[in-house]
Amino acid sequence: MTATPTTERPAGGPADGTRRQAGLNVIILVMAVACGLTVANLYYAQPLLALMASSFHVSQGTAAIVVTATQLGYAAGLAFLVPLGDVLENRKLACRTLVLTAIALAVAAVAPDFELFLVMSVAIGVTSVVVQILVPFAAQLAPADQRGKYVGRVMSGLLLGILLARSLASVTAAAWGWRSIYLISAVAMIVLSAVLWRMLPQHPPAAAVRYGRLLRSAVQLVRDEPILRRRALGQALMFGAFSCYWTSIAYELTGAHHLTQLRIAVFALVGAAGAAAALVAGVLGDRGLGRLGRGVAIVLGLGAMVLAGLGSGSVILLAAGAVLLDLSTQGNQVLSQRDIYALREDARARLNMVYMTSSFIGGAIASAVSGWLYEAHGWGAVTIFGAALPLVAFGIWLQELIWPPAGAQAAAQPSASPATVAEARESA
């Protein structure tokens, strides 16, 4: 089956509408799988840090820099590659970037020293931003009144990739060594590039501007859109808590609870229940309950870190904290992205770039702090730091509830569009 040549949806009768709906469902499924496979590259290292430290003869704190380097690379890719989604044909951009990801993964798999592996980790992060090209692509394909649902489906694939990545990395490490997952993923990226080229419709850019002007316009978006600033900061804090937890949990499980790599794989698997958050959050957003949903998600994130700290003596309570944290992080992300996609139809890639760059900078900083805190003060210090982040995010949410910025209410409504948000902003 091949996709339609462009993202435009011509008018037609009921039968044509049914066929277009079925075709869109298939394309969204392909996008969800692609997002899951690609984003997994950012998380393979987390359960393998102890093995990497032993293999490269570095300390645990130094090994944790791999996670930070990958996330900083991803942030750089978001800042400088994702904006190209507004000026280049998206299918070609995504498929070619995946080939570069495969090369970086293959080199990382055979890297003889920690320095080269670290450089390749940055390259893996930079090129894995294909995910953030596909998410706004999905938003563009979806009807306005169902955008939350379809973006939620894609984000479910993304979250499953994040959560299953750690289990898959642990299983392959136990069977063939920690380097094996990088070779397997390199092959997967080549296959994925071919499948996306075959299945995705062409998506010509909406903007006709130079790249330099495009980057400057992204800075202008930050100045002009208070909703974007708040959603970006809020998710940076939530993803920081998520990264804080998962960077150090493998050390806690192997050190305090003496779990093997296979048991760590099972532990990481329980968090996959968090993928349901994307679907639920998408529906809530489409029903105009996004603001309430974000508040609940943030409180769940705070509760998750408190539970992980107080229940550190129990693997079951640590796992329950992981599930709650995954639910909260993903739910907040889907609802926040729905709001920012309603701001500017011609700038969705740049809006997403600002939003996700902020998120991964927050994650990178939190990962570095988490590794240092665990080595210096233990798991309790990690959870205290992790709990402080959603607490600040809740303060931002509460402030918006009391003093909402112009356009915030319109962005949260069902069938929100850039036009309705702009009208609300002007009337304010």
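Remember, it's a predicted structure, so these values are computed and weren't measured experimentally.
- Ala64 approaches Thr247 most closely through the heavy-atom pair CB-CG2, 4.2 Å.
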Go through Leu118 and Val66 one step at a time and tell me if the side-chain contact (heavy atoms from CB on, under 4.5 Å) criterion holds. CA-CA 6 Å; Leu118 203 60; Val66 170; 4.0 Å; yes

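- Leu300 is linked by a side-chain contact (heavy atoms from CB on, under 4.5 Å) to Val296, Leu324, Ser328, counting only residues two or more places apart in sequence or in another chain.
- Counting only distance, with no hydrogens or angles, the side chain of Tyr251 and the backbone of Gln60 share a donor-acceptor pair below 3.5 Å.
- In the displayed structure, Trp197 atom CH2 is contacted under 6.0 Å by more than 12 heavy atoms of other residues, nucleotides or ligands.
- Here the closest non-hydrogen pair linking Tyr245 and Ala319 is OH-N, 4.5 Å.
- Taking 4.5 Å as the limit, every side-chain heavy atom of Leu81 sits out of range of all side-chain heavy atoms of Gln132.
- The line from CD of Gln71 to OG of Ser128 is 12.0 Å long, rounded to the nearest 0.5 Å.
- Summarising the local packing, CZ of Phe80 is surrounded by 12 or fewer heavy atoms from other residues, nucleotides or ligands at distances under 6.0 Å.
- Ring pair Phe239/Phe242: centre-to-centre distance below 6.0 Å.
- In summary, Arg294 and Glu400 engage in a salt bridge, as defined by a charged side-chain N under 4.0 Å from a carboxylate O.
- Under the 4.5 Å side-chain criterion, counting only non-hydrogen atoms from C-beta, Gln235 is in contact with Asn332.
- At least one side-chain heavy atom of Phe267 sits less than 4.5 Å from a side-chain heavy atom of Leu318.
- Nearest heavy-atom pair across Val354 and Leu228 is CG1-CD2, 3.9 Å.
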Verify side-chain contact (heavy atoms from CB on, under 4.5 Å) between Phe385 and Val369, making sure each step is shown before the conclusion. CA-CA 9 Å; Phe385 173 66; Val369 173; 3.7 Å; yes

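- Between the side chain of Arg179 and the backbone N or O of Ala111 there is at least one donor-acceptor pair closer than 3.5 Å.
- Closest non-hydrogen pair, Cys35 versus Val135, comes out as SG-CG2, 4.3 Å.
- Counting only N and O atoms by type, the side chains of Glu252 and Tyr374 include a donor and acceptor under 3.5 Å apart.
- A distance-only check finds no donor-acceptor pair linking the side chain of Ser54 to the backbone of Ala50 [under 3.5 Å].
- With a 4.5 Å cut-off on side-chain heavy atoms, Val33 and Val195 do not count as touching.
- How far CD of Gln202 is from CG of Asn90: 11.0 Å, rounded to the nearest 0.5 Å.
- For the residue pair Ser193 and Val99, the shortest heavy atom distance occurs at OG-CG2, 4.0 Å.
- Between the side chain of Glu89 and the backbone N or O of Arg91 there is at least one donor-acceptor pair closer than 3.5 Å.
- Side-chain contact between Leu269 and Leu164: present, with at least one pair of heavy atoms (C-beta onward) separated by less than 4.5 Å.
- Side-chain atoms of Asn41 and Leu105, non-hydrogen and from C-beta on, do get closer than 4.5 Å to each other.
- Taken from CZ in Arg291 to CG in Leu289, the straight-line distance is 11.5 Å, to the nearest 0.5 Å.
- In terms of modelled atom types and a separation under 3.5 Å, the side chain of Thr68 and the main chain of Ala368 share a donor-acceptor contact.
- In this structure, Ser248 and Leu373 have side chains that are not in contact, with every pair of non-hydrogen atoms separated by 4.5 Å or more.
- Formation of a donor-acceptor pair under 3.5 Å by the Ser180 side chain with backbone atoms of Gly177 is found in this model.
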Applying side-chain contact (heavy atoms from CB on, under 4.5 Å), run through Leu325 and Met305 and close with a yes or a no. CA-CA 7 Å; Leu325 188 59; Met305 294 306 299; 3.9 Å; yes

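- Between the CZ atom of Arg263 and the NE2 atom of His257 there is a distance of 12.5 Å, given to the nearest 0.5 Å.
- Within a 6.0 Å sphere centred on CZ of Arg229, other residues, nucleotides and ligands contribute more than 12 heavy atoms.
- By the 30° and 60° cut-offs, the orientation of the rings of Phe117 relative to Phe56 is tilted.
- Screening Arg231, Met238, Arg230 for a side chain to side chain contact (heavy atoms under 4.5 Å, CB included) with Ser336, the sole residue that qualifies is Arg231.
- Contact annotation: the side chain of Leu200 approaches that of Leu134 to within less than 4.5 Å [non-hydrogen atoms, C-beta and beyond].
- Distance CE/Met189 to OG1/Thr127: 9.5 Å, rounded to 0.5 Å.
- Nearest heavy atoms, Leu183 versus Ala109: CG-CB, 3.5 Å.
- Partners of Tyr74 by ring pair (Phe, Tyr, Trp, His ring centres under 6.0 Å), not counting sequence neighbours, listed by chain and number: Phe360.
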